[in-house]
Protein chains: 2
Amino acid sequence: MKNQNTKIRIKDIATLAGVSEGTVDRVLHNRGEVSEKSKAAVEKVLEEINYSPNLLARSLASKKYYRFICLIPAHQVADYWESVEKGFDSAAHDYLQYNIHLEKQYFNQFDANSFVNVSSQTIQNKPDAVFIAPIFRDETLNFTSELTLRQIPFSFIDSMIEEADFLTYYGQDSFQSGYVAAKLLLNSLPDNAQVVVIRTKRKGAESNQTIARKNGFMHFISENGLSNIELLDIEMNDNDENVNLELLREAFGLNSNIKAAITFNSKVCRLAMHLKTLNRPDVRLIGYDLLEENVKYLKNDVVSYLLAQRPDQQAYFTVRDMCTELIFKQKVKKINHVPIDILMKENIEDYMQFRE
Amino acid sequence: MKNQNTKIRIKDIATLAGVSEGTVDRVLHNRGEVSEKSKAAVEKVLEEINYSPNLLARSLASKKYYRFICLIPAHQVADYWESVEKGFDSAAHDYLQYNIHLEKQYFNQFDANSFVNVSSQTIQNKPDAVFIAPIFRDETLNFTSELTLRQIPFSFIDSMIEEADFLTYYGQDSFQSGYVAAKLLLNSLPDNAQVVVIRTKRKGAESNQTIARKNGFMHFISENGLSNIELLDIEMNDNDENVNLELLREAFGLNSNIKAAITFNSKVCRLAMHLKTLNRPDVRLIGYDLLEENVKYLKNDVVSYLLAQRPDQQAYFTVRDMCTELIFKQKVKKINHVPIDILMKENIEDYMQFRE
DNA sequence: TGTATCTTCGTGGGCGAACACGGAACATCA
DNA sequence: TGATGTTCCGTGTTCGCCCACGAAGATACA
């Protein structure tokens, strides 16, 4: 069906157009020094046939060397960002043959200044493309406008800022994932049940993602007229787990009717830990992301569901799409909402062992 | 970290070992005509450095032409096998550059003879590798032993036969997916609820996959002591939908207490259609696979959950792994259980639009 | 008409690996 | 000693594409 294009080489085009290979090459790469006449001849042939260059030969011959830089938060071993990084590494490995080199730059996700430092360093390094986890909105916008000015393409990972002129974004539809969480959590709860909603702020401000998830969650409630469900908003402390335990002990006191709880960030394991201490296996628990600890509590039956995505895959695709655009000159899709994966004890094993 | 291996070429090895490129090549490919002395010299260098050949250059230069044949059921447009085929096509496209050509052979999934015919044709074609959907157990075993005899590697897709000497298998853990289905279907059903289990036989025999799913389903029931749930086994007719409608009308009669229903094959849409006719929106419904019709009823709220896999991805990976083994000479994983994807109205959109 | 400048385009030498070919070195036999 | 056969190994060509170099042709000006 489409194998006729396999055999067409630049040489063939040259013959058909009655010019030399060099001329075809110049036309293909738009680098001038071609008379109108020969250009027209080549373009006519190109229109008639379906030429697709042999990418192997191209990158073998090409001496161009691409430098990609990705800016992600520094992190612990079993963290969400660890998976993202794995995806980048894997892409780096696969695309090495195409003369692509990927460097990683880490910033402190609790300190906007560190992001600013790293981003200005990146500019000085004159990369061919940049990948950004836009944790800090304003600082990221400053950075991306600078990139746009210098015509350096960039993509977002994990979340996005719509106004910026990015190439791609891979990530979950956070609103929708909050909606899904609500459906799973609130499905057939007894009347007048109470539900605990945990909040944790990152340096004073909640992240866009957790806000969007919560909005989706609330939307489900209002859309389904579940006003009889009482929500308890608890703000957890980022440093002192003893404080958190006491907060929860109080909330789950004798006269409470709490049947379910949820966190909108990836740290449901902390909540699970405390509920285990408080011995409340009857409380249905939902959280996000496959941190090692979270998975442990899922397998333990403390957490009922985890909503997940494949951060490694997202990172991989982000790199792949940049190559597709820059090297293979093909258009890619801008906004890519990845599936909202629903994990429970029974399907987590296959999910985790199945890599890419 | 690992970029030192980028730069080492055969030429470099030759210089280091004090021999010519040709000799290194002969050692690398183990094709003799090399004295013990030079062989030892080359191997010594190879041990010290970490040579990995440039795959681009290799397949550019190599004139070897691989022919892969895949045997899958002939099918309708919106069928499960349509997705499988898409995955094969996509892989064929991506691997064309490596001189790989993929041919498809269709057989009638309701007629073992047609499989036998197609498989003997395949043998005569002397392919370099074969992919098989092993619908017919005995006939497939005959075929694969013939392939093994002729040293033609093969992989299974969709389901597998353990005794055969296959390279890879991609597919769901059917038992586990039945277990998951049970958990979703039976979760917080009222006491004494009745549950309908639909069966459809393929030419007299149920497929391995549906049997395994049902076993997983039953296992959940016995493991969780749900003996108060009454199962109604209904066998549906493959040809006449009117008969099926009447069967169901009878079962869902006035004095029934049916709260849920499930089919273990991919045709839950038929059940959904009839339940819609019978106007029973209260019945919870679960099925398998993303056929267009199934998705329609999921979005309609007639079906509550669909359990899915990514058949196209499985086909793609099957081809990819064969290339990895044959061309790149690297080991691949034999049995690959793909994730059991849980789809509901709220997460189906992102899932479907996210390709590959 | 000769010289200088600019535009246009063909040729050739790579990229790294595969493989065919044939030459050199050595052994064997008449 | 010369003819013939074996074993071993270096060289050259090819894959399709990229790009530098410089030649040829066109144009302008003295």
Side-chain angles (χ1 to χ4, degrees), chain A residues 3-43 45-46 49-66 96-100 326-329, chain B residues 3-43 45-46 49-66 96-100 326-329:
Chain A
N3 48 357
Q4 75 276 25
N5 57 8
T6 326
K7 322 238 74 176
I8 297 175
R9 300 158 305 174
I10 284 190
K11 199 179 208 170
D12 300 320
I13 300 176
T15 312
L16 287 172
V19 296
S20 78
E21 289 186 55
T23 304
V24 176
D25 185 75
R26 275 178 284 262
V27 172
L28 281 174
H29 294 84
N30 227 32
R31 68 174 119 82
E33 307 195 0
V34 179
S35 67
E36 282 306 319
K37 203 177 110 208
S38 352
K39 191 173 176 192
V42 172
E43 277 171 350
V45 174
L46 284 178
I49 62 162
N50 189 353
Y51 173 69
S52 70
N54 183 322
L55 301 180
L56 305 182
R58 165 175 293 177
S59 59
L60 182 63
S62 167
K63 277 151 200 105
K64 174 118 184 76
Y65 174 97
Y66 292 89
L96 198 57
Q97 309 195 316
Y98 294 98
N99 286 327
I100 286 156
L326 276 188
I327 304 178
F328 309 144
K329 320 281 186 205
Chain B
N3 47 358
Q4 75 276 22
N5 57 7
T6 325
K7 320 238 72 175
I8 297 174
R9 300 158 305 173
I10 284 191
K11 197 181 210 168
D12 301 318
I13 300 176
T15 313
L16 287 172
V19 297
S20 79
E21 288 186 54
T23 304
V24 175
D25 186 73
R26 276 179 283 263
V27 173
L28 281 175
H29 293 84
N30 229 33
R31 66 174 120 82
E33 307 195 359
V34 179
S35 67
E36 283 305 319
K37 204 177 110 208
S38 351
K39 191 174 177 193
V42 172
E43 278 173 348
V45 174
L46 283 178
I49 61 160
N50 189 353
Y51 173 70
S52 70
N54 184 321
L55 301 180
L56 306 184
R58 164 174 292 176
S59 59
L60 183 63
S62 168
K63 276 147 203 112
K64 174 122 184 70
Y65 173 97
Y66 293 90
L96 198 58
Q97 309 196 315
Y98 294 98
N99 286 327
I100 286 156
L326 277 188
I327 304 177
F328 307 145
K329 319 281 186 206

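To find a chain, count down the sequence lines: A is the first, B the second, and so on, and within it residues start at 1. Given the structure is predicted, the values throughout are model-derived calculations rather than measurements.
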- Residues in residues 53-61 of chain A with a heavy atom under 4.0 Å of DNA chain C, by number, are A:L60, A:A61
- Find the distance A:K37:NZ to C:dG10:C1' and express it as a whole number of Å. 15 Å
- Item | Distance in angstrom units between A:I13 CD1 and D:dC18 P, rounded | 11 Å
- Task: Calculate the interatomic distance between B:R9 atom CZ and C:dG14 atom P; express it in whole Å.
- Result: 12 Å
- Item | Gap between atoms NZ and P, on B:K11 and D:dG10 respectively (whole Å) | 14 Å
- Task: Determine to 10° how strongly the helix from C:dT1-D:dA30 to C:dA30-D:dT1 is bent, judged from the axes of its five-pair ends.
- Result: 80°
- Note on the structure: Under a 4.0 Å heavy-atom cutoff, the residues of residues 21-28 of chain B touching DNA chain C are B:D25
- Message: Using OP1 and OP2 only, check whether a side-chain N or O of A:S35 sits under 4.0 Å from C:dC9.
- Response: yes
- Message: Assuming nearest nucleotide by heavy-atom distance, tell me which of A:I10 and B:V34 is located more 5' along DNA chain D.
- Response: B:V34
- At what distance, to the nearest 0.5 angstrom, does CG of B:L56 lie from OG of A:S59? 4.5 Å
- Message: Tell me the interatomic distance from A:N99, atom CG, to D:dC18, atom P, rounded to whole angstroms.
- Response: 13 Å
- Query: If you measure from CG on A:L28 to CD1 on A:I13, what distance do you get to the nearest 0.5 Å?
  - Reply: 5.5 Å
- Message: From CG of A:N30 over to P of D:dC19, roughly how many Å is that when rounded to an integer?
- Response: 13 Å
- Reckon A:H29 has a side-chain N or O less than 4.0 Å from the OP1 or OP2 of D:dC19? no
- Nearest heavy-atom contact between A:P53 and A:R58 is CG-NH2, 3.4 Å
- Is the number of heavy atoms from other residues, nucleotides or ligands under 6.0 Å of B:K64 NZ greater than 12? yes
Check residues 31-41 of chain A and write down every donor-acceptor pair under 3.5 Å in which the side-chain atom is one partner and the other belongs to a residue at least two apart or another chain.
{"unit_1": "A:R31", "atom_1": "NH1", "unit_2": "A:D25", "atom_2": "OD2", "d": "3.2"}
{"unit_1": "A:R31", "atom_1": "NH2", "unit_2": "A:D25", "atom_2": "OD2", "d": "2.6"}
{"unit_1": "A:S35", "atom_1": "OG", "unit_2": "A:S38", "atom_2": "N", "d": "3.3"}
{"unit_1": "A:S35", "atom_1": "OG", "unit_2": "A:S38", "atom_2": "OG", "d": "2.6"}

- Query: In whole angstrom, what separates A:K64's NZ from C:dG14's C1'?
  - Reply: 19 Å
- Query: When rounded to the nearest 0.5 angstrom, what distance separates CG in A:L60 from CG in A:L55?
  - Reply: 12.0 Å
- Can a side chain N or O of A:S38 be found less than 4.0 Å away from OP1 or OP2 on C:dC9? yes
- Note on the structure: Tested for side-chain contact (heavy atoms from CB on, under 4.5 Å) against B:V24, the lone hit among B:L46, B:I10, B:T15 is B:I10
- Message: So which atom in A:Y98 and which in A:Y66 form the shortest heavy-atom distance, rounded to 0.1 Å?
- Response: O-CD1, 4.3 Å
- Message: Restricting to non-hydrogen atoms, name the atom on A:A14 and the atom on A:S20 that form the minimum distance, rounded to 0.1 Å.
- Response: CB-C, 3.7 Å
- Kindly write out the residues that satisfy side-chain contact (heavy atoms from CB on, under 4.5 Å) with B:D12, not counting sequence neighbours, or none if the list is empty. B:I8, B:R9
- Query: Using a cut-off of less than 4.0 Å, is there contact between a side-chain N or O of B:R31 and OP1 or OP2 of C:dC19?
  - Reply: yes
- What's the OH-P distance between A:Y98 and D:dC17, to the nearest Å? 14 Å
- Residues that A:L16 engages under side-chain contact (heavy atoms from CB on, under 4.5 Å), provided they are two or more places apart: A:V45
- Return the nearest nucleotide to the side chain of B:Y51; candidates are C:dA17, C:dT8, D:dC17. C:dA17
- Task: Return yes if the base of D:dC9 and the side-chain atoms of B:E33 contain a donor-acceptor N/O pair under 3.5 Å, otherwise no.
- Result: yes
